> 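Mind looking over this structure? Questions follow.
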Protein chains: 2
Amino acid sequence: MRQKSTERRNAILQAAFNTVCARGYYETRIDDVARAAGVAKGTVYLYFKDKPDLYVGVTVWLINQARTIIKDIARQQCSPSAKLQQVFSSWVEHLLSRPTAISLIFPEMNYHHCAITPRFRQRVMPELKKLIDDLSALVRDGIQKGEFRKIDPHLAAISFLGAFHAALLGVSRYLGGKNTPERALDIFFYGIRRSV
Amino acid sequence: MRQKSTERRNAILQAAFNTVCARGYYETRIDDVARAAGVAKGTVYLYFKDKPDLYVGVTVWLINQARTIIKDIARQQCSPSAKLQQVFSSWVEHLLSRPTAISLIFPEMNYHHCAITPRFRQRVMPELKKLIDDLSALVRDGIQKGEFRKIDPHLAAISFLGAFHAALLGVSRYLGGKNTPERALDIFFYGIRRSV
DNA sequence: ATCTATACTGACCAGTCAGTCATTATACTG
DNA sequence: CAGTATAATGACTGACTGGTCAGTATAGAT
């Protein structure tokens, strides 16, 4: 009784992630993913029901990685600010070479994928909400410790994503200036208003 | 000597904008756009070279609208902060019913559209850069008037886009909480750190 | 070693849709 | 009004790709 290989599944996931980052979902061919994973095209369908299913797999996989980073850092003994900073830096480190991956995270980008939206909603949105909850928890901790202003932790978590996004844009090929990603985090922390 | 109708061109652009916002570029059929615009499918090709050309047209059109709003507001006699706030509110007002439009603005989302990326680069990126320059000018003004911290205006402009994005997410169907868009702007202005 | 059940393969197929173009419609001119 | 040139039409076409499945390969059991 032969087993499907976890190894092969991961190879397909990784190949799909790479291709989706390079080209986007719609310009990604199953054939390309298969070739990059070193399997036959039909093999992809042994592990994933169809193309949208593969996409959902990739997105959940990415979000779980992002959450793992948060969890590891949340366990450290340092201030909430330092924790947010570390999550930020770690994420930047991971995605700097593939900024397009961020589109996997933003849901309104995924309105685009109408064919998978119901499935996306059922299987990815819960994960994404957990990601935001993880970030919210860090913010809540900071509020309780008097480090952060009294703001909605949920919105702050979402704004953190926006700041992360801006960070990637700020160093990107097309819109980049003389920035480092940390400057975007600085704006997130301190705002643009001058204190009086 | 018959002329092509500007009216018809705009109808096609508007229809394409609506469909792209509702479904994304790849789930948008030329047939759907034509029907929504009240023209035949082949007519679309009288005004736009091909599908990517239509997409570029829509994106440039949206960016120009966003810029018009900035320009109008920049002319008013009020503080730089108030100006940014008004741009923010006006944009929110325009896009609240179609948050997906924001994907037209963020370039790494458009890496997805490999078929149009070179064309996009040549025709849309210059407009997008101008949009960011317009915002940067407002920020620069605020810095000179002592209202804003000494930060890179360019990065602040990008962060403004990120904050705008977060605002839309914060009130969205999937990730929304009890927020108003203005709260995201508040975070952009004052950050999350508590002042000491 | 043989047998079995499942993994794996890749040529094939059907459906889709962007783009085409022969035909028709219509605005404009004299 | 007739003629002309261009706009507009929509059925058709061909390229493409996701998914299928008959055939092959192979791991595991006996």
Side-chain angles (χ1 to χ4, degrees), chain A residues 1-59 110 112-120 123, chain B residues 1-59 110 112-120 123:
Chain A
M1 178 75 85
R2 209 171 159 193
Q3 294 259 91
K4 280 181 187 137
S5 164
T6 303
E7 222 180 80
R8 187 155 281 132
R9 189 179 195 272
N10 286 337
I12 295 169
L13 266 183
Q14 181 69 246
F17 175 67
N18 292 338
T19 315
V20 168
C21 288
R23 312 225 205 118
Y25 173 76
Y26 283 95
E27 301 288 342
T28 290
R29 314 289 169 244
I30 295 285
D31 221 353
D32 298 333
V33 172
R35 209 174 295 115
V39 301
K41 189 176 159 207
T43 304
V44 176
Y45 293 92
L46 297 177
Y47 292 86
F48 299 93
K49 177 166 163 298
D50 52 18
K51 191 180 179 184
D53 196 46
L54 177 59
Y55 184 71
V56 165
V58 168
T59 305
N110 295 292
H112 287 197
H113 309 303
C114 293
I116 66 166
T117 294
R119 207 182 315 184
F120 195 86
R123 294 183 41 205
Chain B
M1 178 75 86
R2 209 172 159 192
Q3 295 258 89
K4 281 179 185 136
S5 164
T6 303
E7 223 180 79
R8 186 155 281 131
R9 188 178 196 270
N10 286 338
I12 294 169
L13 266 183
Q14 181 68 244
F17 175 67
N18 292 339
T19 314
V20 166
C21 288
R23 312 227 205 115
Y25 173 76
Y26 283 95
E27 301 288 342
T28 290
R29 312 292 168 243
I30 295 286
D31 221 354
D32 298 333
V33 173
R35 209 175 294 116
V39 300
K41 189 177 160 205
T43 303
V44 177
Y45 292 92
L46 297 178
Y47 293 85
F48 300 93
K49 177 166 161 297
D50 52 19
K51 191 181 177 183
D53 196 47
L54 178 58
Y55 184 71
V56 166
V58 168
T59 306
N110 295 292
H112 286 195
H113 309 304
C114 292
I116 67 166
T117 294
R119 208 183 312 184
F120 195 85
R123 293 182 44 204

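Owing to the predicted nature of the structure, the values given are computational and were not obtained by experimental measurement. Below, chains carry the letters A, B, ... as their sequence lines are ordered, and counting in each starts from 1.
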> Can you tell me if B/K4 uses its side chain to pair, donor with acceptor, with the backbone of B/R9 under 3.5 Å?
no
> Applying side-chain contact (heavy atoms from CB on, under 4.5 Å), run through B/N10 and B/Q14 and close with a yes or a no.
CA-CA 6 Å; B/N10 286 338; B/Q14 181 68 244; over 6 Å; no
> Pick base, sugar-phosphate or nothing for B/L46, based on heavy-atom distances below 4.0 Å to the nucleic acid.
base
> Between A/K51 (NZ) and C/dG15 (C1'), how many Å, whole number?
15 Å
> Report the distance from atom CD of B/Q3 to atom C1' of C/dT26, rounded to the nearest whole Å.
14 Å
> Can you give me the closest heavy-atom contact between B/S5 and B/Y47, atom names plus distance?
N-OH, 3.1 Å
> Can you tell me the distance, in whole Å, between the CD atom of B/E27 and the P atom of C/dT16?
12 Å
> Check the distance between D/dA7's P and B/F48's CZ and give it to me in whole angstrom.
15 Å
> Apply side-chain contact (heavy atoms from CB on, under 4.5 Å) to the pair A/V56 and A/F48, showing each step before the final yes or no.
CA-CA 10 Å; A/V56 165; A/F48 299 93; over 6 Å; no
> Kindly point out which of C/dG19, D/dT17, D/dG19 is positioned nearest to the side chain of A/D50?
D/dG19
> Show the nearest heavy-atom pair for residues A/D32 and A/E27, with the distance to one decimal.
OD2-O, 4.5 Å
> Using atom CD of A/E7 as one end and atom P of D/dA27 as the other, report the distance to the nearest whole Å.
13 Å
> Can you work out whether B/K4 or A/T28 has the more 5'-proximal nearest nucleotide on DNA chain D?
B/K4
> Measure across A/V39 and A/V44 and return the closest heavy-atom pair with its distance rounded to 0.1 Å.
CG2-CG2, 4.3 Å
> How many whole angstroms separate atom CZ of A/R29 from atom P of D/dC16?
10 Å
> Considering non-hydrogen atoms only, spot the tightest contact between A/T28 and A/K51 and give its length.
O-NZ, 2.8 Å
> Atom OH of B/Y55 and atom P of C/dA18: how far apart are they, to the nearest Å?
15 Å
> Contact class for A/Y47 vs. all strands (heavy atom < 4.0 Å): base, sugar-phosphate, or nothing?
sugar-phosphate
> Where along residues 33-45 of chain B does a heavy atom come under 4.0 Å from DNA chain C, residue by residue in number order?
B/K41, B/Y45
> State the pairing partner of C/dG30; accept Watson-Crick or G-U wobble contacts with both distances under 3.5 Å, and report none otherwise.
D/dC1
> Let me know the distance between CG of B/D31 and C1' of C/dG19, rounded to the nearest Å.
12 Å
